[in-house]
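Both ligands and their constituent atoms are indexed starting at 1 by order of listing.
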Amino acid sequence: MPKPKIYLTYPLPPQCMRFLEENSELEYNSEMRLLNPEELAAGIQGKQGLCTLSSGIGAEVMDSNPGLKVIANFGVGYNHIDVVAATARGIAVTNTPGVLTDTTADIAWALLMDVARRVSEGDRWVRGRNWGAWDPNLFIGADVTGATLGLLGLGRIGKSVVKRAKGFDMKVLYWNRTRLSEADETELGIQYVEQDALFQESDFVSLHVALNEGTKHLIGEQQLRLMKPTAFLINTTRGPVVDEKALVRALQEKRIAGAGLDVFEREPKLEPELYEMENVVIPPHVGSATVGTRLKMGMMTARNCVAGCLGERPPNIVNPEIYG
Ligand code: GLV
């Protein structure tokens with residue numbers, strides 16, 4: 001049987017590249033940048049599979065190659081892919097769930113600790129050769145231990161954050177579209193509240209909802225106005241869940257104390273004011289960026305893509321309805 005033809009939009013870890021090269025006729029974009037729709041359409045000509053990350057994939061890209069069988073996303077979030085259009089065309093869409101849960105919970109925790117205890121801010125200050133003497137008033141931060149954490153969304157990653165919070169004796173509030181059973185709430189030691197109460201009562205609000213039409217700008221002016229002036233916002237899900245301009249206003253007007261953001265509304269661009277603010281921690285979307293996790297994500301993406309090309313049901317299918 002001839003090997004399937006696959007187009008990859010970005011180089012993956014070497015082991016994943018070897019797998020794809022052994023199991024497909026692979027073509028890939030070696031430039032470290034996201035491709036636009038025209039480049040994607042050109043790349044997938046004659047291919048059955050597309051392995052991709054982050055580039056927007058709409059109906060026009062899919063229609064440029066009626067032979068396309070699978071779009072394999074490197075990442076768990078697939079909001080940049082028009083899944084409805086893919087399903088209508090019988091194209092499988094796959095993602096990489098599960099393997100990045102703890103790694104992403106770790107980055108949420110790192111941001112929370114960093115912004116609360118002003119680690120990055122202090123680091124910049126020390127590097128600026130500003131440190132004269134130990135001073136009891138230097139870089140006074142917020143307590144994490146014993147504070148109240150509000151989780152908006154409680155999927156795999158949210159639950160993994162709960163475990164970390166328990167180690168810090170935190171009171172954990174949550175809101176989720178579907179409330180857990182009382183038994184599960186008791187087991188996790190968390191308390192369900194309505195959204196407004198979550199914003200009002202939390203010292204840290206951490207976002208764990210997926211991005212979709214219902215969650216775009218879920219955090220805007222109104223929600224930020226409910227938060228305490230001493231509270232922090234942590235976002236490790238998707239940038240557009242937060243109205244970034246409203247967040248900047250809230251930070252400028254000191255209506256909240258700070259933010260830890262791994263994701264942004266118009267990545268890789270940020271609202272310009274954020275670059276200048278000391279009370280925000282802003283890594284470049286590194287939630288899943290560890291050696292082990294990226295390797296697992298890459299292998300899952302590659303396996304999903306090869307399976308989809310061969311007409312097999314990929315292990316991590318987002319739109320299983322295409323198989324009837
Ligand atoms: C990363 O952001 C992912 O969705 O996996």
Ligand-residue contact atoms, ligand 1 with Leu100, heavy atoms, under 4.0 Å: 5 (O)

Minimum-distance protein heavy atom relative to atom 5 (O) of ligand 1: Val76 N, 2.6 Å

Val263 contact mode with ligand 1 (heavy-atom cut-off under 4.0 Å): neither

Candidate pair Arg118 and Glu278, rule salt bridge (Lys or Arg N to Asp or Glu O under 4.0 Å), full reasoning: CA-CA 9 Å; Arg118 306 174 65 181; Glu278 291 291 358; over 6 Å; no

Any donor-acceptor N/O pair, Asn29 side chain to Thr9 backbone, under 3.5 Å: yes

Hydrophobic cluster membership, Ile256 vs Val263, 4.5 Å side-chain cutoff: no

Where ligand 1 meets Arg238 - atom numbers and elements under 4.0 angstrom, heavy-atom basis: 1 (C), 2 (O), 3 (C), 4 (O)

Test of ring centre spacing under 6.0 Å for Tyr192 and Tyr174: yes

Salt bridge (Lys or Arg N to Asp or Glu O under 4.0 Å) between Lys5 and Glu27, worked out: CA-CA 8 Å; Lys5 295 191 167 79; Glu27 217 179 276; over 6 Å; no

Phe74, any N or O under 3.5 Å of ligand 1 N or O: no

Atoms of ligand 1, numbered as shown, that sit under 4.0 Å from any heavy atom of His285: 1 (C), 2 (O)

